[in-house]
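Not measured: the values here are computed from a predicted model.
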Amino acid sequence: MSSWDPTSQGVLALPSGRLVRGRSLARSRRAAADDRPDAADFELILLGRQREFESETHGPAPAMDLRWVAWPDFALPKDRDDAADAFVECWRRAEFERVGVACSGGRGRSGTALACLAVLDGVPPAEAVAYVRTHYDARAVETPWQRRFVERFGLDGTP
């Protein structure tokens with residue numbers, strides 16, 4: 001398995017050296033074939049409904065292995081234990097695989113998930129949103145409740 005290029009757009013380098021790519025499904029879908037992102041070995045898809053997941057995962061550059069977490073736009077995961085389990089899976093797999101995290105816009109849900117991965121990687125929960133905004137996207141983690149979700153996310157992988 002290979003790793004991401006750390007200079008590629010959307011790639012977040014965690015303190016341990018693990019690399020995880022966040023992306024927008026909508027922008028990837030609209031991109032010209034030459035500009036579409038490379039496929040991940042494993043990708044966590046954060047969308048509100050099963051129907052959205054099914055339509056998005058048949059688009060450009062699908063990962064070899066996908067996991068869906070039900071997570072409505074501008075909200076929190078419907079099942080927080082499932083989300084925590086998915087974050088732990090992403091973090092573990094990122095040591096050896098190309099792991100991606102994606103939602104429609106690539107900022108709110110993806111940014112929140114990336115901040116939780118940063119917590120799992122040792123970033124203090126109170127600093128994880130700032131870490132992701134500095135190293136991934138300045139507008140990541142869009143809502144106050146997403147920010148609180150990260151701040152309450154425990155080092156044991158529980159929200």
Side-chain angles (χ1 to χ4, degrees), residues 3-31 37 40 42-53 55-57 63 66-95 97-159:
S3 185
W4 298 113
D5 175 350
T7 63
S8 293
Q9 182 177 4
V11 174
L12 173 68
L14 294 169
S16 66
R18 287 174 168 91
L19 302 173
V20 181
R21 182 192 64 197
R23 72 181 179 112
S24 159
L25 292 166
R27 281 192 297 273
S28 295
R29 185 177 56 246
R30 290 189 307 263
F42 172 76
E43 191 157 43
L44 178 60
I45 306 292
L46 310 168
L47 294 170
R49 292 190 208 115
Q50 181 74 28
R51 184 181 59 213
E52 284 180 284
F53 169 70
S55 68
E56 290 291 354
T57 55
L66 298 170
R67 180 167 178 177
W68 169 57
V69 169
W71 192 333
D73 205 6
F74 298 105
L76 295 175
K78 290 183 179 181
D79 182 337
R80 294 178 188 192
D81 291 333
D82 181 49
D85 183 64
F87 301 155
V88 170
E89 181 178 5
C90 285
W91 182 79
R92 287 184 179 148
R93 293 178 77 157
E95 186 172 8
E97 298 178 64
R98 291 163 54 121
V99 172
V101 176
C103 65
S104 293
R107 290 193 174 108
R109 292 168 284 184
S110 292
T112 302
L114 291 171
C116 290
L117 293 178
V119 171
L120 291 171
D121 207 59
V123 175
E127 298 172 20
V129 171
Y131 182 88
V132 170
R133 287 179 174 169
T134 299
H135 300 285
Y136 170 67
D137 186 306
R139 297 187 300 181
V141 188
E142 295 175 312
T143 68
W145 39 93
Q146 290 172 340
R147 192 174 326 107
R148 279 193 301 274
F149 180 80
V150 173
E151 290 167 356
R152 294 176 181 157
F153 190 78
L155 289 175
D156 60 353
T158 58

Please evaluate residues Leu120 and Phe153 with respect to the criterion side-chain contact (heavy atoms from CB on, under 4.5 Å), reporting the C-alpha separation (whole Å), side-chain torsions for both, the decisive distance (0.1 Å), and the verdict. CA-CA 9 Å; Leu120 291 171; Phe153 190 78; 3.8 Å; yes
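Here Arg93 pairs with Asp65, Glu89, Glu97 under the side chain to side chain donor-acceptor pair (under 3.5 Å) rule; sequence neighbours left out.
Put simply, CZ on Arg92 and CZ on Phe42 are 12.0 Å apart, with the number rounded to the nearest 0.5 Å. The CG atom of Asp137 sits 10.0 Å away from the CG atom of Leu114 when rounded to the nearest 0.5 Å. A distance of 8.0 Å separates OG1 in Thr112 from CD in Glu142, rounded to the nearest 0.5 Å. Here the OG-CG distance, from Ser110 to Leu12, works out to 11.5 Å after rounding to the nearest 0.5 Å. The distance from the SG atom of Cys116 to the CD atom of Glu151 is 10.5 Å, given to the nearest 0.5 Å. Taking OH from Tyr136 and CD from Gln9, the interatomic distance works out to 8.5 Å, rounded to the nearest 0.5 Å.
For the pair Ser104 (side chain) and Ala26 (backbone), a donor-acceptor distance under 3.5 Å is absent. At distances below 3.5 Å, not a single donor-acceptor pair connects side-chain atoms of Glu127 with backbone N or O atoms of Val123. Put simply, the side chain of Arg109 gets close to the backbone of Leu46: a donor and an acceptor are under 3.5 Å apart. Judged purely by atom type and a 3.5 angstrom limit, Arg139 has no side-chain atom pairing as donor or acceptor with the backbone of Arg107. Side chain of Arg133 to backbone of Ala140: a donor-acceptor contact under 3.5 angstrom is found. Between the side chain of Trp145 and the backbone N or O of Phe74, at least one donor-acceptor pair lies under 3.5 Å.
Across every non-hydrogen atom of Leu19 and Ala94, the tightest pair is O-CB, 4.1 Å. Looking at every heavy atom in both residues, Val69 comes nearest to Ala86 through CG2-CB, 3.7 Å.
Contact of the Val101 side chain with the Leu117 side chain is registered, since non-hydrogen atoms from C-beta on lie closer than 4.5 Å. With a 4.5 Å cut-off on side-chain heavy atoms, Ile45 and Arg67 do not count as touching.
Phe149 and Phe87 have perpendicular rings, their planes meeting at more than 60° on a 0 to 90° scale where under 30° would count as parallel.
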